Amino acid sequence: MASGHPKPGSPGAEERAGAGEKPLAAPEQPAMAISRITARRDFLAANSGTRIPSTAFILLVKPTTLGETRAGFTVSKKVGNAVARNRARRRLREATRIAMPEAAVEGADHIFIARRMDAERPFADLLRDARQALAKAGRKLGVGS
RNA sequence: CCAGAGGUUCAGGCGGCCGCGGGGGGAAACUCUCGAGGAAAGUCCGGGCUCCACGGAUUGACGGUGGCGGGUAACGCCCGCCGGGGGUGACCCCAGGGACAGUGCAACAGAAAAGACACCGCCGCCCGGGCCGAUCCCUUCUGGGAGAGGCUGGCGGCAAGGUCGAAAUGGUGCGGCAAGAGCGCACCGCGCUGCUGGCAACAGUGGCGGCAUUGCAAACCCCACCGGGAGCAAGACCGAAUAGGCGCGCGGUGCUGCUGGCAACAGCGGCAGGCCUGAUCCGGCCGACGCGCGCGGGUUGGUUGCUUGAGGUGCGCGGCAACGCGCAUCCCAGAUGAAUGGUCGCCCAGGGGGUGAAGGCCCCCGGACAGAACCCGGCUUACAGGACCUCUGGCAUG
């Protein structure tokens, strides 16, 4: 919340707003900011996006007009019990935290749907899968648009 | 030392680096701090809390509980005790009220399964019938007759023994008898009853009775006691459009009788309908439709409820115990597409392999069940591997 937003202005200029306006990709920002998808309608909307299957997950990418890059995770009961589902979601989150700033499609929604073998796959492999899937999505959409 | 019984407890540890959620500080950069479980699980009981419903009496239905006493906010939980069963023992198991209120069921096997029976068997009598038949008599022969005895049979008595079964109409012993039998007696068991002990369940004991009284109530049932419904997606607040809606006041419903009126209709009386409970009674309330006044908003999102509580820990006191009381001290997750993760190193347990006489050394694998969702008290189920305490039986030593 209210991340970064370095204000070039003088610190003395007390400006009470700040929270309202969205920072539009400051030029000095090294990587894109990733926010989280939580609303059900956004998940449903992403169903029509580009679909990239991988070993431990399925990636859905859907460009939006919001101007921000977002990620969401879907872990159904097919994955296992509550412990297995938590673990799958956390590992996916960690992998995307590392991989997305460098490889995500800017301004698009990314949905990761966990598969059953998610929890067993070594983390290094999972991370590589995420990078490859994101790169593939970038190529597809780049060609498309 | 071996085998076993009961209980308590842990749930890998430490440290880098990069992250996540809550709270505090700060103008900011940032920083400090807290962050899953014993079952968080199943949602099977009991509560708190919230909203809804709720006039009284009687009765019924449905669900639950079931030895006694205690603990508790409460319980179907816990503790202690009683009774029954199992074990050498420590200990363990038991829905453990009622089967002379009624109905029902008791498969198979077996002679017989509920007020019953006689298959084998035991005993007595009958010798009448059938079969076999040593031997003897008659007859030329065929054949006929007598006939001890055996087998089979008939009538009656019996239920001890055998057989079947989950269960067989009390058990053991002695007497008794043709053989037997509670037929008689003693003890045990059972029923009724008195006394003593105990708050009680119940125990002990005296008298009487005779074998009466099969089992199943986790079959219906009977008895006693208990029980409103829904759940934090409860509920509250904030903000926007349309429609339905809701409350109050006034007039006011249907059928029918009489009276008045040409009629519309009016007056008086009786009956009816719906709701308040499944039923009955008492009691209460409502009204088709019209007019007037007032209120308010399904859903989605946000905020709240939301974590300080029948709370944890320590000490003391009371109690056999469950537990209670007092004092001190601590604050210990609050997410909501849902935080507690990723990775690396060392150590600790575990498994496998290699080497060695062995202590050991090296390598590989690798960490049970499982994730808070309003909060407590229980129950049940899942669980790698440990640690500790108490007790029992046996062996050895002293």
Side-chain angles (χ1 to χ4, degrees), chain A residues 1-138 140-141:
Chain A
M1 49 162 66
S3 69
H5 192 213
K7 212 175 266 286
S10 68
E14 189 272 334
E15 223 250 15
R16 59 106 187 90
E21 49 176 348
K22 281 289 180 206
L24 266 263
E28 58 180 288
Q29 203 165 353
M32 70 184 90
I34 309 293
S35 58
R36 189 76 181 273
I37 302 171
T38 59
R40 178 174 168 78
R41 58 173 177 277
D42 295 336
F43 279 90
L44 294 177
N47 261 333
S48 58
T50 308
R51 195 179 184 84
I52 292 132
S54 181
T55 312
F57 59 87
I58 296 166
L59 173 62
L60 288 175
V61 182
K62 171 91 171 173
T64 66
T65 57
L66 289 170
E68 59 178 339
T69 308
R70 303 193 299 177
F73 305 93
T74 294
V75 183
S76 74
K77 284 203 174 169
K78 258 188 271 184
V79 174
N81 62 15
V83 174
R85 293 199 301 274
N86 275 339
R87 185 165 171 76
R89 181 170 6 86
R90 285 163 179 165
R91 285 160 54 86
L92 280 178
R93 220 177 51 208
E94 180 69 11
T96 56
R97 186 180 70 83
I98 296 167
M100 281 189 73
E102 43 194 76
V105 179
E106 218 169 334
D109 279 359
H110 302 67
I111 308 288
F112 293 84
I113 302 169
R115 297 179 125 174
R116 196 190 301 269
M117 62 285 287
D118 188 302
E120 299 141 27
R121 193 150 175 84
F123 187 76
D125 294 349
L126 187 65
L127 187 55
R128 201 181 56 237
D129 292 346
R131 287 193 168 115
Q132 286 175 355
L134 287 168
K136 198 170 173 187
K140 272 195 163 182
L141 288 168

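In this text, all values refer to a predicted model and were calculated from it rather than measured experimentally. Chain naming here is simple, since letters A, B, ... match the order of the sequence lines and numbering starts at 1 in each.
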Query raised in the report: Does the side chain of A:Arg87 get closer than 4.0 angstrom to OP1 or OP2 of B:A370 through an N or O atom?
Result: no
Query raised in the report: For B:G371, does either OP1 or OP2 sit under 4.0 Å from a side-chain N or O belonging to A:Arg85?
Result: no
Query - Note: A:Glu94-A:Arg97 ion pair, threshold 4.0 Å (strictly below) - result: yes
Requested in this report: Mind checking A:Ile37 for me? I need base, sugar-phosphate or nothing, with any heavy atom below 4.0 Å counting as a touch.
Outcome: sugar-phosphate
Query - Under 4.0 angstrom between A:Arg89 side-chain N/O and B:A339 OP1 or OP2 - result: yes
Requested in this report: Using the P atom as the reference point in each nucleotide, state the distance between B:A61 and B:C376 in Å, no decimals.
Outcome: 42 Å
Query raised in the report: 5'-most contact on RNA chain B: A:Glu94 or A:Phe43, nearest heavy atom basis?
Result: A:Phe43
Requested in this report: Take atom C1' in B:C117 and the same atom in B:A111, then report the distance between them in whole Å.
Outcome: 7 Å
Query raised in the report: Taking a pair as Watson-Crick or G-U wobble with both distances under 3.5 Å, which nucleotide is matched to B:A396?
Result: none
Query raised in the report: Counting only Watson-Crick or G-U wobble pairs whose two distances fall under 3.5 Å, which nucleotide matches B:G104?
Result: B:C216
Query raised in the report: Which way is the base of B:G115 turned, syn or anti, if we draw the line at 90° from 0?
Result: anti
Query raised in the report: What distance, rounded to whole Å, do you find between the two P atoms, one in B:G367 and one in B:G341?
Result: 15 Å
Query raised in the report: Under the 3.5 angstrom rule, does the side chain of A:His110 hit a backbone N or O of A:Val105 as a donor-acceptor pair?
Result: yes
Query raised in the report: Within less than 4.0 Å of OP1 or OP2 of B:U340, is there a side-chain N or O belonging to A:Arg93?
Result: yes
Report task. Counting Watson-Crick and G-U wobble pairs only, both distances under 3.5 Å, name the nucleotide matched with B:G245, or none. Result -> B:C295
Report task. Quote, to the nearest angstrom, the P distance that separates B:G76 from B:C62. Result -> 23 Å
**Report entry** side-chain contact (heavy atoms from CB on, under 4.5 Å) assessment of A:Lys140 paired with A:Val61
**Finding:** CA-CA 10 Å; A:Lys140 272 195 163 182; A:Val61 182; over 6 Å; no
